[in-house]
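Presented below is the structure to which this report refers.
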Amino acid sequence: MTQLTDVVVIGGGQAGLAAGYHLRRLGIEHVILDAQTAPGGAWQHTWSSLRLFSPAAYSSLPGRLMPVQAGEVYPDAAHVVEYLADYEKRYELPVQHGAWVESVQRDGPFLRVHADSGDWRTRAVISATGTWTRPFLPAVPGRREYRGRQLHTVQYRSPSEFAGQRVVVVGGGNSGAQIAADLAHAGIDLTWVTQRPPRYLADDIDGRALFDAATARRRALDEGHTDTRGVASLGDIVAVPPVRAARDAGLLGTRPMFARLTATGVEWADSTRAEADTVIWCTGFRPALAHFASLRLRGTGGHIATEGTRAVDEPRLHLLGYGDWTGPASATLIGVGRPARDAAREIDGLLAR
Ligand code: FAD
């Protein structure tokens, strides 16, 4: 049986909830379909020592400040999950958990959303499916020959499972730095490999400064000025306390990217080698957009072409979260509120026509 609603939001992480909040305020009928069986989006699956790079007050969705976590300036992932679960309940957001959307198709004046829980006919779609379900691993020679264990950021939980091992961590972003610090503090034999020397943001940079930099970048691009590079101009790694402590203790030395994997480890271009029981790839993510394959939307670099949050080739579709290409700092807790509001308002206008 096909159900009808004005808007289907795909994804019930922070971006989907922010969309729901604004749709609700405008009195727009909608449903939020989320593949996870419980609230919290990707935050449910991160490693236990992960710390937000901003204090709670700067990690809040529209309408409700994130409460401070007792004893912590930078909340952990469990605290975010709790906050999102409470947010979903507080605003009575119509989230259907355990609903995986397989495809979205055009159907005359409607869009048809095909989920494993049933079909929906709708006048607009907001996609907020994040990136966590699409881990990216670079093509490095020897990956198939290597006989040790390889995992991506998404599979990392805690250092305890690597006790007594030699571990290579690849990637100079926040995930790489936090996981390297986690392993280093636990005394694991660590080789941290980065494409360029790690660039730490100043220790006093918090989420507010990151949001401001992302906003200034978007404004500059919109006004046709030179790309300020936004957050990237400040550095790659936020020095959250565990990273700062490991760095200051001299535990976070790095080596440049290796040339290949061997059967038992990694090898650099100058033929030096490091043996490794495990390689952890902290090499980023791509947007989870496979459900739009049949719409054949234009885009580059795995993105869909957008104006603001609206897809250029399909005005009934909005994209939220994912990265700066869907709004300044749209893939952060503090940044997603504004693009969510803009998407809801545009959809309100569309429904009124
Ligand atoms: P997600 O949380 O991934 O939610 C998407 C939801 O959609 C999920 O529940 C998923 O299961 C569901 N879904 C996916 N595909 C489908 C489908 N086809 N059908 C139905 N449901 C689907 N941001 C900050 O603000 N502060 C930080 O400190 C911070 N630290 C970060 C640290 C790491 C390691 C990472 C990876 C990110 C961090 N971020 C941080 C960025 C960002 O806030 C998170 O990535 C956040 O989870 C993004 O939220 P989202 O709602 O866009 O996506």
Side-chain angles (χ1 to χ4, degrees), residues 8-20 31-47 49-61 66 73-77 79-81 83-85 87-88 95-104 113-117 120 125-136 152-154 156 171 173-179 182 206-208 210-211 214 231 237-238 240 243 282-293 319-324 326-327 329-337 339-340:
V8 172
V9 179
I10 309 173
Q14 65 201 37
L17 298 188
V31 64
I32 302 173
L33 304 178
D34 184 50
Q36 302 296 314
T37 51
W43 295 106
Q44 297 170 79
H45 305 292
T46 60
W47 58 97
S49 73
L50 182 143
R51 288 287 175 279
L52 290 191
F53 46 65
S54 330
Y58 303 114
S59 305
S60 300
L61 293 180
M66 180 185 285
V73 176
Y74 297 93
D76 62 18
H79 188 69
V80 183
V81 172
Y83 168 71
L84 295 179
Y87 190 92
E88 189 179 310
V95 186
Q96 292 191 3
H97 284 289
W100 173 257
V101 172
E102 282 149 18
S103 67
V104 177
V113 177
H114 181 55
D116 57 5
S117 54
W120 291 83
V125 164
I126 297 178
S127 187
T129 46
T131 58
W132 190 258
T133 54
R134 275 201 68 202
F136 172 74
H152 185 271
T153 307
V154 297
Y156 178 79
N174 284 297
S175 309
Q178 287 201 24
I179 290 175
D182 207 24
D206 65 19
R208 222 176 0 171
L210 300 179
F211 180 62
V231 173
I237 300 167
V238 184
V240 291
V243 169
C282 303
T283 41
F285 302 86
R286 297 291 180 264
L289 297 169
H291 46 295
F292 295 125
L319 295 134
L320 211 55
Y322 302 114
D324 282 355
T326 59
S330 181
T332 65
L333 285 152
I334 193 176
V336 74

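All ligand and atom numbering here is 1-based and tracks the order in the structure.
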Identity and distance of the protein heavy atom lying nearest atom 40 (C) of ligand 1: W43 CH2, 3.6 Å

Per-residue contact class, I10 against ligand 1 - non-hydrogen pairs under 4.0 Å: side chain

Mode of A15 contact toward ligand 1 - side chain, backbone, both, neither (heavy atoms, under 4.0 Å): both

Per-atom contacts of ligand 1 with L50, taking only distances under 4.0 Å to non-hydrogen atoms: 32 (C), 34 (C)

Consider ligand 1: state whether an atom of it lies below 4.0 angstrom from any non-hydrogen atom of [X].
X    : answer
A128 : yes
A331 : yes
Y58  : no

N or O pair under 3.5 Å between [X] and ligand 1:
X    : result
G16  : no
D34  : yes
F53  : yes
G321 : no
L320 : no

